[in-house]
Visitor: 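Here's a structure for you.
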There are 2 protein chains.
Amino acid sequence: MPPKDAPDIVVRRLPYYMRALAQAAERDQTVVSSQELGAWLGVSPAQIRKDLSYFGEFGKQGLGYEVAYLRDQLRAILRADRDWQVVLVGAGALGTALAHYPVFTYGQFPIVAVFDNDPAKHDRRLREDLVVQPVAGMEQAICDRGIRVGILAVPAGAAQEVAEGLVACGIEAILNYAPIRLSLPEHVRVQDIDPVAVLQSMTYYL
Amino acid sequence: MPPKDAPDIVVRRLPYYMRALAQAAERDQTVVSSQELGAWLGVSPAQIRKDLSYFGEFGKQGLGYEVAYLRDQLRAILRADRDWQVVLVGAGALGTALAHYPVFTYGQFPIVAVFDNDPAKHDRRLREDLVVQPVAGMEQAICDRGIRVGILAVPAGAAQEVAEGLVACGIEAILNYAPIRLSLPEHVRVQDIDPVAVLQSMTYYL
DNA sequence: TAGATTGTTAATCGATTAACAATC
DNA sequence: TAGATTGTTAATCGATTAACAATC
């Protein structure tokens, strides 16, 4: 019986486990139990143990998990032990804000190229090392560098077309800020970030 | 047997149904089937019918749903037929970008006050009608206007404290951009938006 | 009427939790 | 050793899907 793949919902929790462990390590905590980790994250200890068990055995009975070790294991599992160059499309207010995030500047997901269709924005310098370019040059730039991750911060009307361009350039993971559902090939992962939809679901309860 | 409350996961899908219907209405489409709506959204027709059935009967057998009618019903259910004034805390790059979103300017969630703890930012004008104020005046401003929704766009280190301040002011729903889990009273709804966690879960598959 | 599609029930599928033997 | 906590199995819970009578 082959080991079961971790469900996507489990994979999506791992970054939160990883972050909690990184914070614990910064506090010089050396060991943590599933009980404690769960309390921090609002998750049951059983769920944490079950989630981790999809990927291996990381703890010691009677003791718990070594903080630094488990953090490093999760980093390796999520491929967070390396950088992923990112291409940003859309240099409006949101794109500009994202370009200044530390994680997108020196962090794990450096934005290395920005494109926009608005000629008024071309050559604008978003950062020391980042100049807005015309979308026409996108394919070339992405292929040359082997970039696989894209962030879409364009208006809804342009999103589908731009997304197809990204996919044609070899992008396999897209973080989509445009409030529209993208239709893309199966192999491309898309995650939407939509603050309005989130707020609208919250006001239901008010 | 009392009717069952809709699960939260259903409520979270309604904004997407609502948006698709609004777009269909703009195309002057008058009627839509669960089949068609599901195809647009990448959801099964059965799921759409089941989801809607938590809230009432909105369709006609053999025909489908009247687009404008169902859109309006969903608007009423989600309380999207009114404005919700929003308070923004954090006037950095992200907060500034959010302040310029149309939906947060003239839309359903107008940001009516911005606070920041950095004196250098005080009195900065984010928009025609929006000036950054010291956090000290927050409670007063929120209570005066009866604001119930907050957006948190401050660094992780300040988030918990600021969130507690918001709750003390009567805020009941928080959209949290800080990469940290907030511990707040049960009655306060919190939704996190964390692009890094999302990207990290996607790179697992690359 | 005949064809289509809803609303709902029952079946299926998948995720979470409880419980406990293994063992540090 | 005694106490604690893991990893895993089985039980439970909840969400999705399939199917179909009702009916437009």
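Numbers restart at 1 for each chain; the letters A, B, ... are given by sequence-line order, proteins then strands. Only a predicted model underlies this, so the values are computations on that prediction, with no experimental measurement involved.
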Visitor: Kindly assign one of parallel, tilted or perpendicular to the pair A:F58 and A:Y69, based on the angle between their ring planes and the thresholds 30° and 60°.
Guide: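 Correct class here is tilted.
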Visitor: Ignoring hydrogens and geometry beyond distance, is a side-chain donor-acceptor pair present between B:Y205 and A:D8 at under 3.5 Å?
Guide: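 Side chains of B:Y205 and A:D8: pair found under 3.5 Å.
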Visitor: Using the closest heavy atom to pick a nucleotide of DNA chain D for each, name whichever of B:G62 or B:V43 lands nearer the 5' end.
Guide: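 Of the two residues, B:V43 wins.
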Visitor: Any side-chain heavy atom of B:V86 within less than 4.5 Å of one from B:P110?
Guide: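 Sidechains of B:P110 and B:V86: no contact.
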Visitor: Can A:D51 and A:R13 be said to form a salt bridge (charged side-chain N to carboxylate O under 4.0 Å, His left out), step by step?
Guide: CA-CA 8 Å; A:D51 284 358; A:R13 281 192 291 262; 2.7 Å; yes
Visitor: Sort by first number and list every stem of DNA chain C: at least 3 consecutive Watson-Crick or G-U wobble pairs, both distances under 3.5 Å.
Guide: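 So the stems come out as C:3-24 with D:3-24.
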Visitor: Closest-nucleotide mapping onto DNA chain C: is B:G59 or A:S44 further toward the 5' terminus? I mean the 5' end.
Guide: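 With B:G59 and A:S44 compared, the 5'-side residue is B:G59.
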Visitor: Checking A:R145 against A:W84: charged group under 6.0 Å from the ring centre and within 45 degrees of the axis?
Guide: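 Geometry flag: not set, cation outside 6.0 Å or 45°.
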Visitor: Any side-chain heavy atom of A:F55 within less than 4.5 Å of one from A:L14?
Guide: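 They are in contact (side-chain heavy atoms under 4.5 Å apart), so the answer is yes.
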Visitor: Using a cut-off of 4.0 Å on non-hydrogen atoms, how would the nucleic acid contact of A:P7 be classed: base, sugar-phosphate, or nothing?
Guide: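 Counting heavy atoms under 4.0 Å across all strands, the contact made by A:P7 is with sugar-phosphate only.
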Visitor: Between A:R79 and B:T203, does any side-chain donor sit less than 3.5 Å from a side-chain acceptor?
Guide: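 Short answer, no.
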Visitor: Name the first nucleotide and the last nucleotide along DNA chain C (5' to 3') that come under 4.0 Å of a heavy atom in chain A.
Guide: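 Taking any atom under 4.0 Å from a heavy atom of chain A, the span is C:dA15 to C:dC24.
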Visitor: Evaluate whether atom CD of A:Q29 has more than 12 neighbouring non-hydrogen atoms of other residues, nucleotides or ligands under 6.0 angstrom away.
Guide: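 Count over threshold, so yes.
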